[in-house]
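Before any comments, here is the structure.
For this chain, numbers begin at 1 and follow the sequence in order.
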Amino acid sequence: MKKNSDLRQRILELIISQPDIRVSTLARQLAIPKREKRALRGCLKSLVLSGEVVALRGGRYRPAKKRTARGVIAVNRKGEGFVTLPNGELVNIPRGALDSALNGDTVAVLLDRPPRKGKRRAKREEPKYGKVVKVIERGNKRVIGYVKNIRGKLALIPSNSRIKGIFDIVSNEDIPQGTAVAATILSYDEKRNLFLVEVDENFGPADDSATIATMVLAEHEIEREFPKNIDLSQCHEPGEDDFAGRKDLRGLLTVTIDGAEAHDFDDALSLETGADGQVTLYAHIADVTHYVKPGSRLDDEARERATSIYYPGGAVPMLPRELSSNICSLLPDKERLSLTCEMVLNNEGKIVRSRVYPAVIESDDRLTYVEVEEAFNGALDLPPEVIDLLFKLRRVVELRRQKRKERGGLIMFLPEALPVLDENGRLVDIAKQEPLYSYQLVEECMLAANESVAVLAEKEDLPIMFRHHPPPDDKKIVDLRRLLDTFGIEADDCKLSTPPGWQKLLERLTGIEGHEALLPFVIRTQMRASYADIPSGHFGLALKLYCHFTSPIRRYPDLWTHRIIKAFVKGKKVGAYEGLESWADHCSTREQRAESIDREVLRRLTVPFVE
């Protein structure tokens, strides 16, 4: 019975790959002797009766076109598959119907009914189901996982739970159990229903944080090292020649505020107070474009990476360390090039005018968030002028947050789990991030600069990447309301289709004990923010215009915005840029990938700890 089932499957695969194939050709390619041709014809009859193939004149067969399709399969952690067809439809593949398909493979699927013509499926149409009948192309050439000894044989257990299957290691090498490795898929053994793989990279002990990060990066095919053909010979410490044509702000008291572990300082802050009560806020942003020239291999690599990737215990930078942590970084007591956004605010915190220009600055102090918090609490002794600057910044931020609240911009703090590693890279504790006011201080100043640049870009029709955050989906809002009802939380009077309605809900949750447990569900109701070539509004901030400008060391959209703004302020003609939409999509995808890597490394670090 099993033999006929295997023969039937092989016949179907050949008919799908070679439409209009003759019976004689099938027999020859399957090496079926004359005495077994009855079995061949029996399988063909079964395939015709099931509607999987069509019999033609002359003993030829072709697949039932309306019942077969091809696409790339995605497999979830439960082992269920989803195939996206060329017309955009989604086919559900139940567990047990994946054949030998792995996540990311291109497959042929047999549908339970014909695919609908057109690009979109009707909302109320029943889900489409099918089964994989052939793997057309492997999306995975390598598998990452752990070595395990099973009955005296070495096997690889994939670390990515979306990859299902049995992987036998073909090797005479004695690899310790629990070692993290990468292996190349050699073949699929249909008779034994398993993959044969060969280990080609040993990452080390699986419980080491560096090993875990390396595995996750390998799964996403992240290249840590930069290509050797990138030329950094012209990238040097800035000097007087580089300062020409720039506004000299080296005499302005300037500080950076970052995390204690930070090495890349994108932004610095200064503030001056006028006699009329107005203040001038300076957001100095590292001028990366001075070193990353358009069309260079360095620029190509930065655009391809699109973002730095941060994860517990490490990072993969968008730019080489020589730039990101040194020449571009706004280090204390170092003359550095900046693109400065100068904003004049009235005594209500409203930006009445702003401008952007190239400058040269020198940071006076490198402060951490904790140090700033201690300074506000009187627990840290800093120079009087620095203390005075911090409190003036705090006053401006209080006004800006009030303006944000008035327009309905969301204000929330979701504490993150912070893994604590020992000197050997092993997890020893999970700390909780504290809601420091110093985070808000930097955030509000950067939001003000980003908004100011977006307003300028829209006014002058400059081709930058805007930041888009759409309103939440109606269905997600309904689901959230149901969840809140189960906890006895009234939300019917909150118009969750508007930012003020969300702010009202958040304020209500804040007064409830244990509300932090609900915040993740509230955040998931929000749509994901992305980059766009046109201004489309930012729901969470309740702004019509917004962009990213303040982190060019670690985000390519910011670098691109710098390049456009810098050309404009220098009087160069800046027109529309063909291909900006696809670049924005690329940067959004890379951003999602970076977030996924961070979450996955954290999950793998903490799961054994909490268990």
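Counting heavy atoms of neighbouring residues, nucleotides and ligands inside a 6.0 Å radius, atom CZ of Arg297 does not exceed 12 of them. Atom CZ of Arg224 sits in a crowded spot, with more than 12 heavy atoms from other residues, nucleotides or ligands closer than 6.0 Å. Around the NZ atom of Lys141, the shell of radius 6.0 Å holds more than 12 heavy atoms that belong to other residues, nucleotides or ligands. Other residues, nucleotides and ligands place no more than 12 heavy atoms under 6.0 Å from the CZ atom of Phe521. Enclosure of atom CG in Asp381 is not indicated, since only 12 or fewer non-hydrogen atoms of other residues, nucleotides or ligands lie within 6.0 angstrom. Within 6.0 Å of the NZ atom in Lys566, the count of heavy atoms belonging to other residues, nucleotides or ligands exceeds 12. Remark: Glu221 CD is loosely packed, at most 12 non-hydrogen atoms of other residues, nucleotides or ligands lying under 6.0 Å away.
Tested against Phe195, the residues Leu102, Asn140, Asp168, Ile163 include a single side-chain contact (heavy atoms from CB on, under 4.5 Å) partner, Leu102.
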Problem set entry | Criterion side-chain contact (heavy atoms from CB on, under 4.5 Å) on Val316 and Leu217, from CA distance to verdict | CA-CA 9 Å; Val316 178; Leu217 292 172; 3.9 Å; yes
Exercise. Would Ile185 and Val143 count as a side-chain contact (heavy atoms from CB on, under 4.5 Å) if you check the C-alpha gap in whole Å, the side-chain angles of each, and the deciding distance to 0.1 Å?
Worked result: CA-CA 7 Å; Ile185 297 176; Val143 181; 3.6 Å; yes
Exercise. Does the pair Tyr531 and Arg590 meet the rule for a side-chain contact (heavy atoms from CB on, under 4.5 Å), with working shown?
Worked result: CA-CA 11 Å; Tyr531 296 103; Arg590 287 291 190 257; over 6 Å; no
For this session: Could you please spell out the steps behind the side-chain contact (heavy atoms from CB on, under 4.5 Å) verdict for Met446 and Ile285?
Result: CA-CA 10 Å; Met446 296 304 108; Ile285 313 301; 4.2 Å; yes
For this session: Any chance you could lay out the side chain to side chain donor-acceptor pair (under 3.5 Å) test for Ser551 and Arg554, step after step, and finish with the verdict?
Result: CA-CA 6 Å; Ser551 298; Arg554 61 185 178 90; 3.3 Å; yes
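Taken to the nearest 0.5 Å, the CG atom of Leu480 stands 9.5 Å off from the CD atom of Gln526. Ile464 CD1 to Arg563 CZ: the interatomic distance, rounded to the nearest 0.5 Å, is 14.0 Å. Taking OG of Ser325 as the start and CG of Asp264 as the end, the distance is 4.0 Å to the nearest 0.5 Å.
Closest non-hydrogen pair, Pro557 versus Ala306, comes out as CD-O, 3.9 Å. Residue Asp299 comes nearest to Pro294 through the heavy atom pair OD2-CA, 3.7 Å, listed as atom of the first residue, atom of the second, then distance. Residues Thr368 and Ala260 come closest through the heavy atom pair CG2-CA, 3.9 Å. Taking all atoms of both residues into account, the shortest heavy-atom contact from Ile327 to Cys235 is CD1-O, 3.4 Å. Among all heavy-atom pairs drawn from Asp300 and Gly295, the shortest one is OD2-O, 4.2 Å. Nearest heavy atoms, Asn450 versus Cys547: CB-O, 3.0 Å.
In summary, Asp473 and Lys476 do not engage in a salt bridge, as defined by a charged side-chain N under 4.0 Å from a carboxylate O. A salt bridge links Arg400 to Glu451: at least one charged side-chain nitrogen sits closer than 4.0 Å to a carboxylate oxygen. Ionic pairing of Arg467 and Glu591 is present here: one or more N-O contacts between side-chain nitrogen and carboxylate oxygen are shorter than 4.0 angstrom. Between Arg366 and Asp333 no salt bridge is recorded (no basic side-chain N to carboxylate O distance below 4.0 Å). A salt bridge links Arg404 with Glu444: at least one charged nitrogen is closer than 4.0 Å to a carboxylate oxygen. Taking 4.0 Å as the cut-off between side-chain N and carboxylate O, Arg142 and Asp200 count as a salt-bridged pair. For the pair Lys334 and Glu362, the salt-bridge criterion is not met [side-chain N within less than 4.0 Å of a carboxylate O].
The aromatic rings of Tyr439 and Tyr369 sit perpendicular to each other, their planes meeting at more than 60°, with 30° as the lower class boundary. Between His548 and Tyr546, the angle of the ring planes goes over 60°, which puts this pair in the perpendicular group of the 30/60° scheme. Taking the six-membered ring where tryptophan is involved, the planes of His469 and His538 are tilted, since the angle between them lies from 30° to 60°.
With hydrogens and angles left out, the side-chain atoms of Glu80 and Asn76 include a donor and acceptor closer than 3.5 Å. Checking Thr340 against His284 by side-chain atom types alone, a donor-acceptor pair falls below 3.5 Å.
In this structure, Tyr188 and Leu194 have side chains that are not in contact, with every pair of non-hydrogen atoms separated by 4.5 Å or more. Side-chain contact check for Arg394 versus Tyr437: some heavy-atom pair is nearer than 4.5 Å. With a 4.5 Å cut-off on side-chain heavy atoms, Phe539 and Pro470 do not count as touching.
The cationic group of Arg305 does not satisfy the cation-pi geometry with Tyr556, failing either the under 6.0 Å distance to the six-membered ring centre or the 45° limit from the ring axis.
Remark: side-chain polar atoms of Ser270 are paired, donor with acceptor, to backbone N or O of Leu253 under 3.5 angstrom.
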Residues 595-602 side chain polar contacts: donor-acceptor under 3.5 Å, at least two apart:
unit_1	atom_1	unit_2	atom_2	d
Glu595	OE1	Arg528	NH1	2.6
Glu600	OE1	Arg77	NH2	3.3
Glu600	OE1	Arg603	NE	3.2
Glu600	OE2	Arg603	NE	3.4
Glu600	OE2	Arg603	NH2	2.7
Glu600	OE2	Arg604	NE	2.6
Glu600	OE2	Arg604	NH2	3.2

